[in-house]
Each structure stands twice: as structure tokens, then as C-alpha cells.
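Read the structure below first, then the notes.
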Amino acid sequence: AADAYGLSRFADRIRYCGFIHFAQKKMNKEDARNMLGLGQEPLVVMTAGGGHDAYPMMKFVLDALQSRQFGSDFKLVIVTGPLMPLAEREIIETLSATCGATCIASTPKLQAYLVAADTILTMGGYNTVMESIASGVPTIVIPRTGPSAEQRCRAQMFAELGLIQCIDREWNSHDDLTSAIATALASPVRKTPAIAFNGIRNASRALASAVNVRQTIMRSQRQATVAA
């Protein structure tokens, strides 16, 4: 990670604490679907956090489904995010209707949708990716193409660990995407997350340790000053 973010010169000062995920009340798939009024048909959920820059990713997905006439054998629910500009949201809503998808701007029940899903489509933002991996649902990440490489780096590293599939809009085709969706729908849901989400505990311990070290150094300096 230090190399990927250009922090190699600070490597000796970096402490890796693990991943952070704010666990919510446990919910199983059946309960989630009952809450949402969903049946048993395969469900694909597409979300991208606040959605302010989600339009290119969502249009890429909908164009792929429409051009390949793919998606008739599953239900697609799209959560654009409340920050998507109105003009862009209206285009996504129109394309969604053409594809037979359900499109909503935001929902307080997003966690239930993720648990209910058979496949999750998302961008590469930290929080959404962590929530998707924690849910155990097969996930396809379509990262932002720029200007920052952050989402691409995250998506590629998690893909190398076998935790997600990564589809890059600049390098992959509509066929690549529909193939990835088919693979994800055929994949079993993990019963437990494949990585440990112990970052909060480890970070708090690391901070406490750093404070203790600092206090010890300051006491030693004061004692040395008094002795002098």
C-alpha cells in the first residue's frame, strides 16, 4: 500500500492496522427480502455511495445490459445516491425503465438491499467496497477512471485477493461486464467475510501505544533537564 500511494519513503513510520467496517445489526437474506417486499428471483443491486460521480459507471452498466439484451433473468435495483445531479439521474431513470430495472435516488434500507442481493455492482469507494465484502455477496467493482488512481488501486488489489471482480471502463468491454455478472450470480455467497475487519481495535491500540511512547520520551527529557 505504501508503494501504491507513493509513501515508500515513510514506510518505517507506517503501521498497518487492518480494515474498518462499522458492523450493523445482523440480518439474513430471507429477512432482508421480506423487509423489502422482494421475491426469490436473483437480485443485482447497483450502488455508488453518494452518487455525485456515479453516472458514467451506471450508464456503462445499463448500456451493457441493453446492448447485449442481458438481464431478463434477474431483478436489478439501482440506488443512484442523493448527490447525483438531477439531469444525470433522469437519464439513468429512463435507461432503467428501458431495462426493466428499479431506480431510486436513496434509501435508508441500503444495508438490507446489500444483504438481499445475489450480486453487488459498485464503484471503488472505501465504505461501499467494505460493506459489500463484509456482506459476503459476490461483488463487481467498477472503479472511477480518474483523476485519482485510488479506486483503481483498491479494486485491483482486492481482485488479486479474490474478494471481488474488477471491471475497468477503459479496459473492459460490455461483454466483459455481462460475463462478470453471470459469474457472480453463479457464485455462492460467503458465510463469513474473507478478511478481518479489526482496524478500529488495532488503530486504537496503535494510537494508545504511540501516546505512551511519546509520554515516556517527554518524561525522560524533563528528568534529563532537571538533572542538568
Using modelled atom types and a 3.5 Å cut-off, is there a donor and acceptor pairing between side-chain atoms of [X] and backbone atoms of [Y]?
{"X": "T122", "Y": "T47", "result": "yes"}
{"X": "Y113", "Y": "L36", "result": "no"}
{"X": "R144", "Y": "Q151", "result": "no"}
{"X": "S187", "Y": "T183", "result": "yes"}
{"X": "S179", "Y": "D175", "result": "no"}
{"X": "R33", "Y": "L38", "result": "no"}

What are the two closest heavy atoms between [X] and [Y], and how far apart are they?
{"X": "C99", "Y": "L65", "answer": "SG-CB, 4.4 Å"}
{"X": "H52", "Y": "E88", "answer": "O-OE1, 4.5 Å"}
{"X": "I140", "Y": "A184", "answer": "CD1-CB, 4.2 Å"}
{"X": "C103", "Y": "I92", "answer": "SG-CG2, 4.0 Å"}
{"X": "H174", "Y": "S67", "answer": "ND1-OG, 3.3 Å"}
{"X": "Q66", "Y": "L95", "answer": "OE1-CD2, 4.0 Å"}

Separation between [atom1] of [X] and [atom2] of [Y], rounded to the nearest 0.5 Å:
{"X": "T178", "Y": "I167", "atom1": "OG1", "atom2": "CD1", "result": "9.0 Å"}
{"X": "C166", "Y": "E160", "atom1": "SG", "atom2": "CD", "result": "9.5 Å"}
{"X": "I120", "Y": "E131", "atom1": "CD1", "atom2": "CD", "result": "9.0 Å"}
{"X": "T145", "Y": "M57", "atom1": "OG1", "atom2": "CE", "result": "12.5 Å"}
{"X": "T119", "Y": "L185", "atom1": "OG1", "atom2": "CG", "result": "3.5 Å"}
{"X": "M46", "Y": "T102", "atom1": "CE", "atom2": "OG1", "result": "11.5 Å"}

Going through the checks in order, is the side chain to side chain contact (heavy atoms under 4.5 Å, CB included) test met by D168 and R152? CA-CA 8 Å; D168 192 297; R152 270 180 167 161; 2.6 Å; yes

Is there a path of hydrophobic side-chain contacts, each under 4.5 Å between heavy atoms, that joins [X] and [Y]?
{"X": "L163", "Y": "Y126", "result": "yes"}
{"X": "I91", "Y": "L83", "result": "no"}
{"X": "W171", "Y": "V141", "result": "no"}

Before giving the answer on side chain to side chain contact (heavy atoms under 4.5 Å, CB included), spell out for I142 and R169 the whole-Å C-alpha distance, their side-chain angles and the decisive distance to 0.1 Å. CA-CA 7 Å; I142 307 171; R169 291 187 290 111; 3.6 Å; yes

Would you say S173 and D176 are linked by a side-chain donor-acceptor pair, where the criterion is simply a distance under 3.5 Å?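 Yes, side-chain donor-acceptor contact under 3.5 Å.
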
Indicate yes or no: at least one non-hydrogen side-chain atom of [X] is less than 4.5 angstrom from one of [Y].
{"X": "I78", "Y": "V61", "answer": "no"}
{"X": "T139", "Y": "F158", "answer": "no"}
{"X": "F19", "Y": "I133", "answer": "no"}
{"X": "M35", "Y": "K109", "answer": "yes"}
{"X": "F74", "Y": "D118", "answer": "no"}
{"X": "V137", "Y": "L114", "answer": "no"}
{"X": "L121", "Y": "I181", "answer": "yes"}
{"X": "L76", "Y": "L62", "answer": "yes"}

Determine whether more than 12 heavy atoms belonging to other residues, nucleotides or ligands lie under 6.0 Å from atom NZ of K29.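 Check passes, neighbour count above 12.
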
Lys/Arg N to Asp/Glu carboxylate O, E93 vs R89, below 4.0 Å: no

